[in-house]
Amino acid sequence: MALELYIISGSPHAWAVMLGMETKGLKYTVRRLDPSKKEHKTDAYFALNPHGKVPTLKHDDAVIYESIAILAYIDQLSPKDSLFGVTPKQTGLIWQHIFEITNYLRAPLIDDAARPIFQGRFTDNPAEVREISVKAHTALAWAEGILSISPYLTGNEISAADVVLIPYLNSFLRATGKPSAKLLGDAFLSLASSFPNLAAWAAQIEALPGYTQACPPHWRG
Ligand SMILES: N[C@@H](CCC(=O)N[C@@H](CS)C(=O)NCC(=O)O)C(=O)O
């Protein structure tokens with residue numbers, strides 16, 4: 001049976017799974033839900049995902065939600081280009097970085113910045129913007145440090161850690177380009193000058209075949 005992935009366009013978590021699918025070379029069907037019609041809050045969708053969130057994967061008799069769980073599931077479908085490493089050391093490091101990203105980078109980049117900006121509820125208080133900016137800089141500096149010693153977060157190959165981080169980074173950067181976030185955007189005008197290794201890493205992932213296909217559909221146009 002085909003892999004069916006339920007997404008909302010713009011969701012960084014859905015994006016990460018799509019990038020994982022592309023990296024693994026898997027064929028999948030996208031079921032795009034329209035949040036303006038609350039298509040992710042129907043009884044039929046709650047039966048798949050009790051939280052009414054995306055992404056959710058359907059495959060044979062399996063229904064899996066939580067983006068990182070879906071990445072682990074699809075990784076098992078083919079041995080090609082393992083996303084979670086092949087040695088104990090690689091696997092441990094990949095999971096360590098995934099937890100770093102979800103525990104320490106997601107909040108400053110997505111919860112405190114990208115999401116409120118996209119939802120039109122970002123603060124215009126300069127002191128609050130400054131605090132958000134400092135926390136985002138600290139988060140990105142963590143990645144910059146790692147990427148100054150290896151081309152991907154866990155070595156020479158792309159892993160689930162990279163796949164989880166790039167949608168957070170690019171959602172954050174897209175959000176900071178919005179006029180309502182000008183104060184914050186000014187602090188991140190040139191990623192390349194503040195975080196050269198992070199910028200090179202992002203460019204390298206964006207050049208991979210499948211990257212564009214994995215991007216949020218409404219961004220591609
Ligand atoms: N921890 C979940 C987070 C899922 C999540 O927050 N999804 C958001 C989009 S990025 C969503 O569905 N929001 C719609 C809603 O909560 O109503 C995962 O990794 O899959």
Side-chain angles (χ1 to χ4, degrees), residues 3-24 26 28-59 62-77 83-84 94-122 132 136 139 143 153-154 158-178 181 205 211 213-220:
L3 292 159
E4 287 176 78
L5 184 68
Y6 291 80
I7 71 156
I8 290 173
S9 185
S11 156
H13 302 100
W15 183 359
V17 171
M18 289 171 71
L19 186 55
M21 296 271 202
E22 297 291 337
T23 305
K24 297 284 294 181
L26 294 168
Y28 58 103
T29 301
V30 171
R31 304 273 179 234
R32 182 172 167 184
L33 304 177
D34 183 347
S36 71
K37 296 183 184 153
K38 300 255 178 249
E39 287 179 346
H40 57 313
K41 303 294 179 190
T42 61
D43 288 347
Y45 189 69
F46 276 126
L48 300 177
N49 182 328
H51 304 290
K53 290 181 184 287
V54 294
T56 301
L57 177 74
K58 256 173 85 176
H59 181 229
V63 177
I64 307 288
Y65 57 86
E66 283 297 325
S67 55
I68 296 163
I70 300 171
L71 285 170
Y73 181 97
I74 64 167
D75 201 41
Q76 291 280 311
L77 293 178
L83 293 171
F84 287 88
I94 291 165
W95 278 107
Q96 177 187 304
H97 284 348
I98 288 172
F99 282 115
E100 288 263 4
I101 294 162
T102 54
N103 289 335
Y104 305 114
L105 275 78
R106 175 194 156 150
L109 300 181
I110 301 296
D111 303 348
D112 301 342
R115 189 163 288 151
I117 294 167
F118 288 138
Q119 293 176 349
R121 55 180 176 83
F122 190 62
I132 291 166
L153 285 173
T154 54
I158 191 167
S159 78
D162 305 284
V163 165
V164 169
L165 180 59
I166 189 99
Y168 286 167
L169 175 69
N170 282 351
S171 297
F172 173 77
L173 293 177
R174 182 174 169 102
T176 58
K178 299 277 178 199
I205 294 179
Y211 176 82
Q213 195 56 31
C215 281
H218 79 281
W219 292 13
R220 290 181 212 152

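Nothing here was measured: the structure is a model prediction, and the numbers come from that model. When a ligand or atom number is given, it counts from 1 through the structure's own listing order.
Residue Val54 has at least one N or O atom closer than 3.5 Å to an N or O atom of ligand 1.
The neighbour count for Tyr104 OH, taken as heavy atoms of other residues, nucleotides or ligands under 6.0 Å away, does not exceed 12. Under a cut-off of 6.0 angstrom, the local environment of CD in Gln76 is sparse, with at most 12 non-hydrogen atoms contributed by other residues, nucleotides or ligands.
In this structure, Arg115 has a heavy atom closer than 4.0 Å to ligand 1.
Near His40, meaning under 4.0 Å from one of its heavy atoms, ligand 1 places the atoms 14 (C), 15 (C), 17 (O). Atoms of ligand 1 lying under 4.0 Å from at least one heavy atom of Ser11, given by number and element, are 9 (C), 10 (S). Taking every non-hydrogen atom of Pro12 and a distance limit under 4.0 Å, the qualifying atoms of ligand 1 come out as 10 (S). Residue Pro55 approaches ligand 1 through these ligand atoms, each under 4.0 Å from one of its heavy atoms: 20 (O).
Under the 30°/60° scheme for interplanar angles, the aromatic rings of His59 and Tyr73 are found to stand perpendicular. Ring geometry for Tyr65 versus His51: interplanar angle over 60°, hence perpendicular rather than tilted (30 to 60°).
Across every non-hydrogen atom of Ala14 and Ile8, the tightest pair is CB-O, 4.4 Å.
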(message) Run the side chain to side chain contact (heavy atoms under 4.5 Å, CB included) test on Asp162 and Thr23 for me, step by step, so that the C-alpha distance in whole Å, both residues' side-chain angles and the decisive distance to 0.1 Å come before the verdict.
(response) CA-CA 11 Å; Asp162 305 284; Thr23 305; over 6 Å; no
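Ring centroids of His13 and Tyr168 are separated by less than 6.0 Å, placing the two rings close together.
Counting only heavy atoms of the protein, atom 20 (O) of ligand 1 lies nearest to Ser67 N, 2.9 Å. With respect to atom 16 (O) of ligand 1, the closest heavy atom belonging to the protein is Lys53 NZ, 2.8 Å.
Nearest residue to atom 2 (C) of ligand 1 from Lys41, Glu66, His13 is Glu66 (criterion: closest heavy atom).
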